[in-house]
Amino acid sequence: MRWSKTFIPTVREAPSEAEIISHKLMLRAGMIRMLSAGLYIYLPLGLRVIRKVENIIRGELNKKGGQELLMPILQPRELWEKSGRWNAEELGMLTVENRAGREFVLAPTHEEVITDLVRREIRSYKDLPKNFYQIQTKFRDELRPRFGLMRAKEFIMKDSYGFDVDEESAGKTYHGMEEAYRNIFKRCGLHTQVVEADPGAMGGGMSHEFMAVADVGEDVIVCCSKCGYAANKEAVAKNSSVKEGKPCPECGEPLETRHGIEVGQIFNLGTKYSKSMGAAFLDAGGEEKLCVMGCFGIGVTRTVSAVIEQNHDENGIIWPPGISPYRILILPVNITDAPSMDLMEKTYEKLLNSGMEVLLDDRDVRAGIKFKDADLIGIPLRITIGQEKAKSGIVEIKNRRTGEQIDCREEELIQKLGGEQWTLKK
RNA sequence: CGGGAUGUAGCGCAGCUUGGUUAGCGCGCUUGCUUCGGGAGCAAGAGGUCGGCGGUUCGAAUCCGCCCAUCCCGACCA
C-alpha cells in the first residue's frame, strides 16, 4: 500500500481528551477517531490491526473445533425475559423500541440467542459437543466510557459458546479454551496473567480472567513474579492470606500487587441457561438431559489497547509482528532522486510479490517527518532508501524494537528478511 | 448516577480575575521561493455562531442562570 493512497492522519499532539498512552498513540498514529464518548471510528490502519487480532483468534479457535457464525445484534425483549436477564442492571443493556412499541436490546452478549438456537436445533447427544463463536460489535451502556478503546460503549468482542453432554466434557472444553486463549494472547504479543474470577452476571461455576499486566489496568491482581501464581481482587477478598507481601501459596515468594487489563474471561456456566431456555437433548439411554454450557469472551478492541500499553516507547507504538498493520515500511528519503525511486519501486514490487504486507511512504514530505511517523505507527521493520547508498543498490533495514540496523543489497533483501535476526521475537 | 474540572480555528493553548475599537499565539492547511537523512526558513493567505440558550449591561469570550458536551475520581462494568 502506498501511504499517499491510504488514509493515515498522524498528528503531532494528541487531543486533550486522551489520558492514557494507548489512547494517545492510537489517535496520534491515525488509527482511530472519536465520534462521541465511548464511540470510535476505526480508521484503515486501526482496522488492519483489529483484523489481525481477529484472524489470530479464528485460527486458534478453529484448531479447537470452534465454528464461526454470526448472530443478530438486535434481539427481542421476550428472549431476555425468558432467561431472566431483561432487568440485569450489571449488563448495562441498551434498549430500543420500534415504531410499533416493541422492545429490543442491543446485545451486550449472546447466551440467550445461541441457547435458543441450540434448544430448537439440537436434540441428540450425537450432535454434541458444539463450540460456536462469533466476532462482532457489542453494546454496553457505559455510564462512564474511559480510556479510548479500553472501555467503550460499542466495542468488538469475540464470544464463544460451548455445549457439552456433561460436566466432564464441558471441563475439557473449558481447558481447551484456556489453552487457546493463552496462544492467542501470546501471538498478539501480550503478556497476560490468568486469574481465578467471580462469574458475576454470567452465573454458573468456575471462571478465569486473562489479565494483561499494565499500570493503567482497572483491575487489581495479586501475583507471584517467580512461579506465575495470580489471583484477582475477589479471590483476595475471600482469602486473607493472599495479599501483597504475604508468601505465595504455590512457592512461598512474597506476593506483589499489580494492575491488569481484563482482555478475556472464560466461564463454566453449567446448566444455568440451558435450564431457563430449555436446551435439552436425549442421551444414549433415551433420557432427557440439559446441555452443560460454557461461554468465553475476548475483548478484541481492548486487546489492541492493551498491546500498545505493553509495546511502545517514547517515540510511538512498537507492534508485535503478528498483529502489525504492515510488516514492513519502505521509507525513501528523497522522492525526487531518480536512482532512489527506481530502487524503491523495485524493492516494493519484490516485497509485494513475495507476499509481504508493505507500506510505502511515497509522500512528498521531508525525511524528518517520515522518520517520526515511522516510529509513531510502529511497523516492526523499516527499509530506508537513501540517495547515496541507492546509487549502489543498497538499502538499510532497521528494527523498530531493537533499533539495530544493517545495510543490504537489494538482491539479497528477501533472503535477509527471512533470516533469523529479522524474524522478531516477542 | 454522586463529586471535581474543562469547553476560544483541524490540534495544542493564551485572553476571562478588573466587561470596552477589528479575538490572539504555536502547530497543521493553501500558494511561492529557498531548503531537503530525524517533525526546516522566509513571505503571502484561508480558516472562528469564543459549546448552546437566556439574562444583566450603552456594550459580554469575559459577569449571572439553565442546558449540552468532553475529561478525571467514585459507584458500576468485556
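Sequence lines set the chain letters: A, B, ... in the order given, protein chains first and strands last, and positions in each chain run from 1.
Residues passing the side-chain contact (heavy atoms from CB on, under 4.5 Å) test with A:Asn131 are A:Ser160, A:Thr173, A:Met177, sequence neighbours excluded. Here A:Glu78 pairs with A:Pro76, A:Arg102 under the side-chain contact (heavy atoms from CB on, under 4.5 Å) rule; sequence neighbours left out. A:Lys64 meets the side-chain contact (heavy atoms from CB on, under 4.5 Å) test with A:Glu179, A:Ala180; sequence neighbours excluded. For A:Asp342, the side-chain contact (heavy atoms from CB on, under 4.5 Å) criterion is met by no residue, not counting sequence neighbours. Taking A:Arg366 as the reference, nothing meets the salt bridge (charged side-chain N to carboxylate O under 4.0 Å, His left out) condition, with sequence neighbours excluded. Annotation: side-chain hydrogen bond (donor to acceptor under 3.5 Å, both in side chains) contacts of A:Arg77 (sequence neighbours excluded): A:Glu81, A:Glu103.
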Just distance, no hydrogens or angles: give the donor-acceptor pairs under 3.5 Å from side chains in residues 7-19 of chain A, sequence neighbours left out.
residue : atom : partner  : partner atom : Å
A:Thr10 : OG1  : A:Asp373 : OD1          : 3.1
A:Thr10 : OG1  : A:Asp373 : OD2          : 3.1

Taking only N/O atoms, report every protein-nucleotides 24-32 of chain B pair under 3.5 Å with atom names and distance.
residue : atom : partner : partner atom : Å
B:G28   : OP1  : A:Arg12 : NH2          : 3.4

All N/O contacts under 3.5 Å from nucleotides 33-37 of chain B to the protein, with atom names and distances to one decimal?
residue : atom : partner  : partner atom : Å
B:U35   : O2   : A:Arg366 : NH1          : 2.8
B:G37   : O6   : A:Gly386 : N            : 3.2
B:G37   : N1   : A:Glu396 : OE1          : 3.1
B:G37   : N1   : A:Glu396 : OE2          : 3.1
B:G37   : N2   : A:Glu396 : OE1          : 2.7

Between N or O atoms, less than 3.5 Å apart, protein on one side and nucleotides 68-75 of chain B on the other: list the pairs.
residue : atom : partner  : partner atom : Å
B:U70   : OP1  : A:Ser36  : OG           : 3.1
B:U70   : OP1  : A:Ala37  : N            : 2.7
B:C73   : OP2  : A:Arg144 : NH1          : 3.4
B:C73   : OP2  : A:Arg144 : NH2          : 2.2
B:G74   : N7   : A:Arg144 : NH1          : 3.4

Give every pair of a protein N or O atom and an N or O atom of nucleotides 47-51 of chain B that lie under 3.5 Å apart, one pair per line with the distance.
none

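Pairs of residues two or more places apart, or lying in two chains, that qualify as side-chain hydrogen bond (donor to acceptor under 3.5 Å, both in side chains) and include a residue from residues 113-122 of chain A are A:Asp116-A:Arg119, A:Asp116-A:Arg120.
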